[in-house]
Structure formats: C-alpha cells, structure tokens
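For this chain, numbers begin at 1 and follow the sequence in order.
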Amino acid sequence: MDRRQLLAGMSALAATPAFAQDDIPRWSSPVIDMHFHTRGTVEQNIAHQIGAGITAVSLISLPPSPLDIADIYAKCRAQNAAMFPVWFGATDLTTPGFEARLTAQVKAGAKGFGEVKMPVDADGPQMRRVYALAADLGVPVLVHFQDPIGDSQSFFNRGLRRFAPVLQANPRTKFIAHANSFWANVSASNDDTATYPTGPVVRGGISDKLLSDYPNMFADLSATSCNTFLSRDAAFSTDFLKRHQDKLHFGSDCFCEDGRGGSAAQAGGGRAAVGRGAPATGAVTGLRGKCLARENLGLVTRLTTPEIFRKMAWTNAHRLIGLPA
C-alpha cells in the first residue's frame with residue numbers, strides 16, 4: 001500500500017481509533033483480500049484493511065443477509081475506490097428467482113458468486129444450476145465446502161470427495177474452494193473426526209488432486225482452516241504452495257475489527273472459527289486476539305518466495321476475475 005492510498009484510507013477513520021503507522025505490516029507486494037465479508041459501515045470496512053496492511057478487497061456476503069452488498073460497495077468506492085475494486089454477488093439459493101437475482105448482480109458489476117454456503121450437496125441439482133449460470137455469465141463461484149465433522153450433522157455444500165465429476169461436467173466454470181473440508185482433505189489421512197486436523201500431511205489428498213487435475217479448480221488461502229493447514233507441516237506446505245502457485249490466492253475470512261485481532265468475536269476464538277460451530281481446538285484458541293489476515297499472510301511469506309507471494313497476494317486473483325493487476 002503506497003503512502004497516497006494509506007492517507008486516503010486513514011482520512012475515512014474518524015469513527016475508529018488512531019492507527020500507529022509503525023504497527024502496519026509491510027508485505028513484499030500489494031495484497032488483495034478476496035474473502036472479505038462486508039461490515040456495516042464504510043469506516044469498518046476500511047479499518048481492517050489499514051490495520052492488516054492490505055491494499056484492496058473483494059467485498060462478499062453470506063446470504064440471507066440484511067446488508068445490501070451493492071449499496072455498501074458503492075458507498076465504499078465513493079470513499080476510496082482503490083481499496084474496493086471488486087464485489088461478489090450473493091443471494092438466498094433456497095428461494096425462487098435466485099438465478100435472475102444473481103444475473104442482475106453480475107450485470108450491475110459483480111465479478112463472481114459467493115460466498116456460497118448452503119446446507120445442500122455440492123454436487124446436487126440446485127448447486128449445478130449455480131455452476132451453469134456462473135459459466136454462462138463468465139464469473140467464478142466461491143464455495144464453502146464443509147462436510148459433517150465427528151458427531152455433528154451440520155454441513156454446507158457437502159460432498160467434496162464426489163466433486164471431480166462436477167469439475168468435469170462444468171469445464172467453463174471457475175470454482176474457488178474454501179473452508180474446512182477442502183483444507184482438511186489436502187491430507188489423505190483426513191477422516192472427518194476433526195474440524196481442524198493437525199499433524200503431518202499424508203500425500204495424495206483429494207483437494208491436492210483436484211487442484212492438480214482440473215484447470216478450473218482454484219482455492220483461497222483464507223480462514224482458520226487454511227491457517228491450520230499451512231501450519232501443520234511446513235515442508236509439505238512449502239511444496240504445496242510452490243506446485244499450486246498459479247491456482248491459489250489470498251483471502252482472509254477474518255472478522256476482527258481493526259486488522260490487529262480486536263473485537264469480541266476474535267477474543268472468543270474468532271467468529272470465522274467458533275461462530276461457525278467449530279469445537280474449541282488448539283488451532284482455534286491459538287488465534288484468539290489475532291488477525292487472520294495478518295496470520296495467513298505471515299505464513300505465506302515464510303513458506304514461499306517473494307515472487308510466489310506476489311502471485312498469491314495480488315496477480316492470481318486479478319487474472320481469475322479478469323482485471324488488470
């Protein structure tokens with residue numbers, strides 16, 4: 001983030017605490033956060049970026065939501081257009097007319113669908129309609145993969161292990177994978193007993209294969225799930241990031257308020273983790289009071305070269321959504 005962008009953003013923070021410039025991370029390249037959930041005000045949306053040293057974000061939402069993401073996007077751009085170049089469309093897929101609503105959002109400027117997080121099968125007929133529409137409109141779709149864990153019966157977009165035929169049947173659709181099941185299944189040892197499995201990664205996991213075998217499969221480096229994966233086996237993670245350096249891009253999925261880990265949600269383990277039904281594992285408690293954006297960017301910095309970091313932090317996302325970097 002250059003000085004002009006920094007000062008422009010800080011001018012919008014009248015309702016937030018003062019920022020110490022020496023506490024703002026300086027990453028080796030500009031950073032676009034492709035998994036940034038909308039906050040309620042422009043000031044809240046800007047504060048996290050500045051605190052975490054992030055250059056720009058893609059605004060996304062989780063439907064059903066009272067927030068009008070297109071309206072928030074317009075207000076944010078009016079304050080600082082450079083910080084808000086992208087937004088993704090979202091709507092309740094369980095209600096009639098969702099295809100028309102998503103189409104209208106893309107025509108209004110949305111560059112993708114997501115985050116799609118619904119209690120349905122990822123390979124079911126409803127989701128296949130979403131994938132077909134994304135292909136027709138030429139936009140990627142961000143999917144939250146979360147199979148039932150342990151004794152829990154809850155799930156979102158269930159069925160990652162059955163997803164290869166979907167990728168084969170939808171070659172024009174660009175899929176962005178995210179969440180617990182995707183990152184847990186990088187290891188062939190995953191048995192769905194832990195939300196955030198730890199220990200050495202066993203090669204041959206389904207997620208690794210999907211990224212390797214299908215040119216339309218991508219993933220964002222976001223949330224506690226990716227943080228846990230990157231942290232569990234440094235040698236494997238370094239190799240994984242190198243092999244898939246053109247298929248991965250940064251996203252935070254962080255709900256701290258200031259880019260420093262501040263908020264009631266983060267103090268309790270992170271809304272992105274505990275608030276989604278995760279057990280109080282060491283992986284979660286170790287992130288209490290921390291900013292996931294900072295933590296994940298720090299991990300990628302340590303595990304890769306500056307050249308690979310720039311791809312994942314900046315250029316890959318722009319190429320995926322068709323914007324000049």
Say you draw a straight line from [atom1] of [X] to [atom2] of [Y]; how long is it, rounded to the nearest 0.5 Å?
X: Cys226; Y: Asp253; atom1: SG; atom2: CG; answer: 10.5 Å
X: Asn157; Y: Leu93; atom1: CG; atom2: CG; answer: 8.5 Å
X: Ile54; Y: Cys291; atom1: CD1; atom2: SG; answer: 6.5 Å
X: Lys247; Y: Met217; atom1: NZ; atom2: CE; answer: 8.5 Å
X: Ile60; Y: His178; atom1: CD1; atom2: NE2; answer: 7.0 Å
X: Leu292; Y: Glu295; atom1: CG; atom2: CD; answer: 7.5 Å

Do the side chain of [X] and the main chain of [Y] share a donor and acceptor less than 3.5 angstrom apart?
X: Thr198; Y: Arg232; answer: no
X: Tyr196; Y: Ala184; answer: no
X: Ser225; Y: Trp183; answer: no
X: Gln245; Y: Lys242; answer: yes
X: Asn80; Y: Cys76; answer: no
X: Asn216; Y: Asn170; answer: yes

Using a strict 4.0 Å threshold on nitrogen-to-oxygen distance, state whether [X] and [Y] make a salt bridge.
X: Arg294; Y: Asp23; answer: yes
X: Asp92; Y: Arg101; answer: no
X: Asp121; Y: Arg158; answer: yes

Taking the side chain as everything from C-beta on, heavy atoms only, tell me whether [X] gets closer than 4.5 Å to [Y].
X: Ile321; Y: His249; result: no
X: Leu320; Y: Ile176; result: yes
X: His244; Y: Asp208; result: yes
X: His48; Y: Cys256; result: yes
X: Arg260; Y: Ile24; result: yes
X: Thr224; Y: Thr228; result: yes
X: Gln105; Y: Phe113; result: no
X: Ser187; Y: Asp233; result: no

Heavy-atom closest contact ([X] atom, [Y] atom, distance):
X: Leu323; Y: Pro85; answer: CD1-O, 4.3 Å
X: Ala110; Y: Val139; answer: O-CG1, 4.3 Å
X: Leu299; Y: Ser231; answer: CD1-OG, 3.5 Å
X: Asp258; Y: Gly261; answer: OD1-N, 3.3 Å
X: Phe156; Y: Pro119; answer: CD2-N, 4.0 Å
X: Pro197; Y: Asn190; answer: CG-OD1, 4.0 Å

Residue pair Phe98, Val130: steps toward the side-chain contact (heavy atoms from CB on, under 4.5 Å) verdict: CA-CA 9 Å; Phe98 74 84; Val130 175; 3.7 Å; yes
Is there a path of hydrophobic side-chain contacts, each under 4.5 Å between heavy atoms of I, L, V, M, F, W or Y residues, that connects [X] with [Y]?
X: Val86; Y: Val57; value: no
X: Phe145; Y: Val201; value: yes
X: Phe155; Y: Val116; value: no
X: Leu59; Y: Met83; value: yes
X: Ile32; Y: Tyr73; value: no

Check against side-chain contact (heavy atoms from CB on, under 4.5 Å), Phe236 and Val186: CA-CA 10 Å; Phe236 180 89; Val186 172; 3.5 Å; yes
Output field: ring centroids Phe229/Phe182 closer than 6.0 Å: no
His37/Phe255 aromatic ring centres below 6.0 Å: yes
From CA spacing to verdict: side-chain contact (heavy atoms from CB on, under 4.5 Å), His144, Asn180: CA-CA 8 Å; His144 180 111; Asn180 314 57; 3.9 Å; yes
Pairs flagged by ring-ring contact (aromatic ring centres under 6.0 Å, His included) wherever residues 289-316 is involved - sequence neighbours left out: Trp314-His318
No-hydrogen, no-angle side-chain donor-acceptor test under 3.5 Å, Asp33 and Ser252: yes
For Arg161, the option from Asp192, Asp123, Asp191 that meets salt bridge (charged side-chain N to carboxylate O under 4.0 Å, His left out): Asp192
For Leu211, the option from Ile206, Asp246, Leu248 that meets side-chain contact (heavy atoms from CB on, under 4.5 Å): Leu248
Partner of Met34 by side-chain contact (heavy atoms from CB on, under 4.5 Å), out of Phe88, Phe218, Phe250: Phe88
Stepwise side-chain contact (heavy atoms from CB on, under 4.5 Å) test for Asp136 and Thr103: CA-CA 10 Å; Asp136 289 342; Thr103 299; over 6 Å; no
